[in-house]
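Report on one structure; see the data block that follows.
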Amino acid sequence: MTLERAVSESFDAVGSATIATDVAIVGGGLAGSLAAAVLARAGHRVALVDKRAVYPGEFRVEKIGGPQLDAFRRLGFIRGLASVACSYDRVLNIREGKVVDVSVGQAYGLPYADLVAMARSQMPDPTSLIVDEVTAISSSDDIQHLELASGRRLTARLVVLATGMAGALSYKLGIRRRVLAAGHSVSFGFTIARRDGAPFDFEALTCYGERTADGVDYLSLFPVRAGMRANLFMFRDPTDPIMRELRRDTEATVLRLLPGLQTYLGDFRVIDRVQNWVMDLSVVEGHLQPGIVLIGDAFQTNCPAAGTGVARLLVDVERLCTEYAPRWLSTPGMDRQKIAEFYADRDKLAADRQSLKMARFRQALTSRDDIGWDVRRRLHFLRRSLTHQVEQMRPGWLAQVRSALRA
């Protein structure tokens, strides 16, 4: 029996009856699935509604590392993550064929679908996943009513919209998306292997763009179970012909944009479908409504090159599901005043601001060709290179300096 059939059959008995729950989470991607697991494990009645029982192989988040791992650990997902991902802890960073520095620290690579599946597997009761589609929501200061495409209905005290960039349902609620930068960045994802079948000479590698005219921020290579995964991040017109070239002749186009890669990759080939997507920077307006809260990309989108998307998402999930939602559910009502507490949370506001700041910084550092940014770009990589050289001569000095600064 397939998972989709099993989940669907678990709700056959209720037919078109109304299903009552504490929290209804709309959207079963990473944000929604993590939120559902955290709340359900805390003992709350949760319904996670998504039209897919098994999330498809979409190109989204594919690596987790740094402070993101601390959040996964606090939320209780680190073992699950480690069980489905490829671990690595050393990234060679290069530019113009030369080593800039080496990043050291635990990180994981895995397909987004596996990341979502891991999050869903942490839900205590698999039947909390309802394979259906929410077609309408009516909200109030007390109980929220949701209509499903199947004809079933849900009632919940709190509705969490984790619908990503899909805006149809939000639009019906009067929530509008304000675009800050259309076509801000373009991302490509594909998997590579050496033609001779030999492993690459690095555990993971990041190659930064060489020319501002190319609009290439960096290419990140890291291990996944299928091979060496490549994420390419660019700030360039999405209609530029080079986008088509990257899809049709990926190997040659990548090396043309990043010639310094040739020495490190050797004779390689792409072994799966090249996926890409265009990201607009946007925020929502009209979102302060009783009984409804937006998290992740449903609230604000991120620049993938900046690497802040998962960090923001995790802040949203952690603050909402460990602080606000449990407290809201312990008292009557679900008015705007309660919902506003989450949007005014200090950690959330800081994460949202940092995400937009880094999005603009990465674009400027990559693409601006005026003298000010040219000098800044040179100093940026020179500082990293000098720090790396000193670290090689005196191993551990950087850690000592950082420890002294924290003291």
Side-chain angles (χ1 to χ4, degrees), residues 25-35 50 55-56 58-64 67-68 71 112 115-116 119 160-189 215 217-218 220 231-239 243 275-289 292-320 342-343 345 347-367:
I25 300 175
V26 185
L30 183 59
S33 298
L34 288 173
D50 194 274
Y55 210 85
E58 295 179 350
F59 172 42
R60 293 290 185 268
V61 179
E62 297 188 332
K63 57 181 177 179
I64 305 292
Q68 298 165 0
Y112 182 68
L115 188 57
V116 173
V160 178
L161 289 185
T163 50
M165 291 163 285
L169 193 57
S170 297
Y171 192 85
K172 291 180 180 179
L173 291 166
I175 300 171
R176 300 293 183 264
R177 189 170 289 276
R178 177 163 61 92
V179 176
L180 305 175
H184 173 77
S185 62
V186 183
S187 307
F188 285 83
D217 191 348
Y218 61 93
S220 177
N231 286 179
L232 176 65
F233 303 105
M234 305 178 69
F235 298 102
R236 196 153 171 172
D237 185 344
T239 65
M243 304 301 165
Q275 298 175 283
N276 77 286
W277 53 296
V278 179
M279 177 61 78
D280 298 335
L281 286 184
S282 64
V283 296
V284 294
E285 298 175 334
H287 52 281
L288 183 53
Q289 301 189 17
I292 298 174
V293 65
L294 283 68
I295 63 172
D297 283 346
F299 178 78
Q300 176 184 304
T301 58
N302 315 273
C303 172
T308 56
V310 175
R312 270 199 63 249
L313 179 157
L314 290 169
V315 169
D316 280 359
V317 170
E318 185 168 14
R319 298 305 294 154
L320 176 66
F342 169 71
Y343 292 128
D345 180 81
D347 293 342
K348 173 177 171 53
L349 290 173
D352 292 343
R353 284 194 298 264
Q354 179 67 6
S355 181
L356 290 176
K357 177 182 177 181
M358 287 303 298
R360 293 171 177 132
F361 172 76
R362 293 305 319 177
Q363 183 182 41
L365 190 68
T366 299
S367 306

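- Between S170 and T163, the closest heavy-atom pair is OG-OG1, 4.4 Å.
- No more than 12 heavy atoms of other residues, nucleotides or ligands sit less than 6.0 Å from atom OH of Y171.
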Inset, instruction - Would you sort out whether Q363 and S185 count as a side chain to side chain contact (heavy atoms under 4.5 Å, CB included), showing the intermediate values? - result: CA-CA 8 Å; Q363 183 182 41; S185 62; over 6 Å; no
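- Taken from OH in Y218 to CE in M234, the straight-line distance is 13.5 Å, to the nearest 0.5 Å.
- Both the sub-6.0 Å distance and the 45° axial angle are not jointly satisfied by R319 relative to the ring of F342.
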Inset, instruction - In sequence, state the C-alpha distance, the side-chain angles, and the governing distance for V283 and F299, and then conclude on side chain to side chain contact (heavy atoms under 4.5 Å, CB included). - result: CA-CA 6 Å; V283 296; F299 178 78; 6.0 Å; no
Legend entry - Worked verdict on V186 versus R236 for side chain to side chain contact (heavy atoms under 4.5 Å, CB included): CA-CA 7 Å; V186 183; R236 196 153 171 172; 5.6 Å; no
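- Between the side chain of D50 and the main chain of G28, a donor-acceptor pair closer than 3.5 Å is present.
- Contact detail for L34 and A119: the closest heavy-atom pair is CD2-CB, 3.7 Å.
- Checked against a 6.0 Å centroid threshold, the rings of F188 and F233 do not count as neighbours.
- Counting only heavy atoms from C-beta outward, the side chains of I295 and L161 never approach each other to under 4.5 Å.
- Taking CG from N276 and OG from S187, the interatomic distance works out to 8.5 Å, rounded to the nearest 0.5 Å.
- The side chain to side chain donor-acceptor pair (under 3.5 Å) check on R177 picks up S282, with sequence neighbours excluded.
- Atoms CZ and NE2, on R360 and H184 in that order, are 8.5 Å from each other to the nearest 0.5 Å.
- With respect to R178 and E285, a salt bridge is recorded, a charged nitrogen being found less than 4.0 Å from a carboxylate O.
- Considering all non-hydrogen atoms of both residues, L314 and A71 come closest at CD1-CB, 3.8 Å.
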Show which side-chain atoms of residues 302-313 pair as donor or acceptor with protein atoms under 3.5 Å away, not counting sequence neighbours.
residue	atom	partner	partner atom	Å
N302	OD1	R312	NH1	3.1
N302	OD1	S355	OG	2.8
N302	ND2	D297	OD1	2.8
T308	OG1	S355	OG	3.0
R312	NE	D352	OD1	2.6
R312	NH1	Q300	O	2.8
R312	NH2	D352	OD1	3.2

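- Under the 30°/60° scheme for interplanar angles, the aromatic rings of F59 and W277 are found to stand perpendicular.
- Looking at L173 and H287, their side chains never come closer than 4.5 Å, going by heavy atoms from C-beta outward.
- Taking all atoms of both residues into account, the shortest heavy-atom contact from G215 to S367 is CA-OG, 4.3 Å.
- R362 meets the salt bridge (charged side-chain N to carboxylate O under 4.0 Å, His left out) test with D217; sequence neighbours excluded.
- Between A35 and I25 the shortest heavy-atom distance is C-CD1, 3.8 Å.
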Legend entry - Residue pair E318, D316: steps toward the side chain to side chain contact (heavy atoms under 4.5 Å, CB included) verdict: CA-CA 6 Å; E318 185 168 14; D316 280 359; over 6 Å; no
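- Y343 places a side-chain N or O within donor-acceptor distance of the main-chain N or O of L294, the cut-off being under 3.5 Å.
- Judged by distance alone, with hydrogens and angles left aside, the side-chain atoms of T301 form a donor-acceptor pair with the main-chain N or O of D280 at under 3.5 Å.
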